[in-house]
Asks: 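Dropping a structure here in structure tokens format, bear with me for questions.
Chain naming here is simple, since letters A, B, ... match the order of the sequence lines and numbering starts at 1 in each.
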Amino acid sequence: MAEIRSLPVAELDDRLAALGGPEPERPKGSRSAPEGFPELLGAVPGQVVLRMAPFPSGALHIGNGRMLFVNQYYRERYHGRLLLVFDDTIGSETKRVETEFFDLILGDLELAGIRPDAVYYKSDRIGRHYPWAVRVIEKGGAYVCRCPAEILRENRAAGRACPERAQTVAETLAEWEKMLSGGYAEGEAVLRLRTSLTDPDPAFRDRVLFRISEQDHPRVGHTYRVWPLLEFSWAVDDIELGITHVLRGKDLVMEDRMQQYIWQLLGIRAPPFLHWGLLRVREAKVSKSKSYAEVKSGQYDGWADPRTWSLRSLDRRGISMAALREFTLSFGLSLADIEVPAETLYAENRKLIDATTARRSFVADPVHVAVEGYPFDLASVALPNHPDRAELGVRTAFAGPTFYLARGDVERFAGQEVRLKDLVNISLPTERPGPGKTLSATFTSRENRKLPRLQWVGEREAVAVDLLGIDGQRTAGIGESALRAARPRETFQFERVGFVRVEDGGAAVAGPLKVVYGHP
RNA sequence: GCUCCCGUAGUCUAGUCCGGUCAAGGAUUCGUGGCCUUCGACCACGUAACGCGGGUUCGAAUCCCGCCGGGAGCACCA
């Protein structure tokens, strides 16, 4: 239901009312929530402002994709504005901002077909956060704490106040000035919110608002040394940027409470929040830091390596962003954490591309096979590009008498009669194919009989193919002659293998034709 | 440990707010059959679910209580 999902903190209703906010409309029986998406609380078409806030530490992945598409969905639904706000505060040792990721993410957004109405960088806005800190201090809502991080943590767990909590407003203002002017070094002082040390939720006790960092920021260098933490920076920016609804993953619900607390303190009306649970794709190990390490070290083939499961890697595999959008939106805004098999995404993509994707023959780990008694008139054949779609036309395939067959097929059907699909029947030898050897098979008949059907590639004009798998492994194979015309980024279905996408450059690039495996 | 969130078939999801129209709908997977000269597509059929225990009620997936299970937070990260 819309209200509960928008207001995970139960008392927000009351607070809204207390702050003069609008009474949530709740027409009985009205649940216009197409596709499982509730109405945004108090949304006025044309006046909704939303924001996406990725942290620039790597390429966007499927989880980020959900954030993108949910925001885009509501933006379209309410004809609203959607801002991109890079959450590039100073971060930490383990979470560092790096310049290259700004463009990378901008590229990902473009790939996803989402054009933000405006782009902001948190790091440009730090100076705007300071006056807000003063406002909070003047309301008696914060104090400067000089406890070492460890002590601070212990006190928080124990519900114990540190001596500085008793600071007067004037003292805090002085201390704050000292922080800003360099009177404290990194780690020596922080500005903390005065919530309650006895708050039942230990996570909520006097959280840190600002801290000192002397790190070099890739965009603004050493311009600032006092940096806000995520919660405070959003308490400011959500208001200053006029965000009307905050849509974020449920990992940030505690941050909602922080923002609401600050806004209430300052008498500001809070925009409602809306969340969704964690989405994991079973096959995808969504560790951004692992991907980061592997990309940096060169173990991965950049951020488009299939093993990253990044948006760009999915694109490279021929999985369309439209399919990804359908996929991510199909889960609605459920708060449950879910794990979905990649097959569900593949099914979505198949729906979109199957009818328009040409078929091609490809054999992995090829074995050279000469067919004795092969009919002379079948040196080449015309085959439809798609079994059900005549309008996709035909291609010419060079055929016998010499072929490449997949080693797996040759071994599996050794000594048996098989049908070369769309061609003729042959009898395979019992001999096991040794490396570099040509096997002898025998033509048996032409008529279509119920035999195991194998893909084949005629030797003439055959194309060497390099198939990159989802696991990052490359498979050498041979594809039919028609692949000589493969265009960059064209998608094919390799029969009995799966959907693949041609890499940038297509067949024009020297060497084997490079393709990436998409899905079955 | 404390706080919050979540629990409907193998996997997702609709339904839960406002109890009956739900002996629970859809998607995907799986199985069977059909069809097309792919292990893909399509068609048909099928298997399969309200976490557990109490309570309220004529009636509970839906309301209440207790439990169990899963996840997240308790960073001077985002």
Side-chain angles (χ1 to χ4, degrees), chain A residues 1-5 8-10 26 28-29 31 33 35-36 53-57 87-97 122 145 147-150 152-153 156-157 159 186-192 199-205 207-213 227 229-231 233-234 248-257 275 277-280 282 288 326-327 330-332 334-341 343-348 350-351 354-355 357 359 361 383-384 386-389 419-423 448-455 493-499 519-520:
Chain A
M1 61 179 275
E3 286 75 25
I4 289 218
R5 283 184 182 161
V9 179
R26 194 181 310 195
K28 179 167 173 153
R31 44 170 65 265
E35 302 172 36
F55 182 72
S57 65
D87 226 336
D88 65 332
T89 50
I90 196 68
S92 67
E93 290 293 327
T94 52
K95 275 196 175 173
R96 282 185 193 279
V97 177
K122 267 283 173 62
C145 174
C147 298
E150 208 166 293
L152 189 156
R153 231 171 286 147
R156 173 146 54 210
E186 182 168 329
E188 284 187 352
V190 295
L191 185 71
R192 293 177 73 182
D199 192 286
D201 182 358
F204 194 65
R205 293 171 188 165
R207 290 185 67 88
V208 173
L209 264 19
F210 284 85
R211 82 316 187 155
I212 295 164
S213 173
W227 290 86
L229 266 57
L230 176 141
E231 301 92 328
S233 71
W234 279 116
R248 52 165 57 152
K250 81 165 187 188
D251 49 319
L252 262 18
V253 287
M254 198 267 295
E255 283 69 13
D256 295 4
R257 214 184 143 200
H275 301 91
L278 191 73
L279 165 65
R280 270 191 307 257
R282 196 188 306 285
K288 222 174 183 178
E326 287 306 308
F327 172 74
S330 72
F331 308 117
S334 157
L335 252 7
D337 298 324
I338 56 175
E339 183 173 278
V340 186
E343 177 56 36
T344 307
L345 171 61
Y346 299 160
E348 208 64 60
R350 222 180 274 127
K351 277 182 210 161
D354 184 73
T357 302
R359 270 52 176 172
S361 191
L383 300 176
H386 193 291
D388 314 315
R389 297 268 170 169
R419 180 160 182 84
L420 302 183
K421 184 171 175 283
D422 296 308
L423 198 64
N448 177 23
R449 286 194 279 131
K450 285 274 179 190
L451 293 169
R453 295 192 174 103
L454 307 189
Q455 263 53 47
Q493 188 205 56
F494 283 177
E495 291 187 343
R496 288 173 62 227
V497 175
F499 291 89
H519 56 81

Asks: What about A/Asp337, does its side chain sit under 3.5 Å from the base of B/rG7 through a donor-acceptor pair?
Replies: no
Asks: Does B/rA41 have OP1 or OP2 sitting under 4.0 Å from an N or O in the side chain of A/Arg350?
Replies: yes
Asks: Can you find a side chain N or O atom of A/Thr89 that sits less than 4.0 Å from OP1 or OP2 on B/rA78?
Replies: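 For B/rA78, OP1 or OP2 has a side-chain N or O of A/Thr89 closer than 4.0 Å.
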Asks: Any heavy-atom pair between the side chains of A/Lys351 and A/Glu326 that's under 4.5 Å?
Replies: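 They are not in contact (no side-chain heavy atoms under 4.5 Å apart), so the answer is no.
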Asks: Need the pair for B/rG1. Rule: Watson-Crick or G-U wobble, both distances under 3.5 Å, any strand; none if unpaired.
Replies: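 Base partner found: B/rC74.
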Asks: Does A/Arg207 make a side-chain N or O approach to OP1 or OP2 of B/rU3 shorter than 4.0 Å?
Replies: no
Asks: It should be established whether A/Thr344 places a side-chain nitrogen or oxygen under 4.0 Å from OP1 or OP2 of nucleotide B/rU11.
Replies: no
Asks: Could you identify the nucleotide paired to B/rG53, looking across every strand shown and requiring Watson-Crick or G-U wobble geometry with both distances under 3.5 Å?
Replies: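 WC or wobble partner is B/rC65.
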Asks: May I ask you to test the A/Asp87-A/Leu230 pair for a side-chain heavy-atom distance under 4.5 Å?
Replies: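 Side chain of A/Asp87 against side chain of A/Leu230, heavy atoms only: contact under 4.5 Å found.
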Asks: Could you tell me whether the side chain of A/Asp354 reaches within less than 4.5 Å of the side chain of A/His386, counting heavy atoms only?
Replies: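 A side-chain contact exists here, since the closest heavy-atom pair is under 4.5 Å.
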Asks: Check whether any side-chain N or O of A/Arg211 sits under 4.0 Å from OP1 or OP2 of B/rA75, and answer yes or no.
Replies: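 So the side chain of A/Arg211 is outside the cut-off, no N or O lying under 4.0 Å from OP1 or OP2 of B/rA75.
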Asks: Distance between the P atoms of B/rC6 and B/rG10, in whole angstroms?
Replies: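 So the two P atoms sit 23 Å from each other.
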Asks: At less than 4.0 Å, is any side-chain N or O atom of A/Arg156 found next to OP1 or OP2 of B/rC76? Yes or no.
Replies: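 A/Arg156 to B/rC76 OP1/OP2: side-chain N or O found under 4.0 Å.
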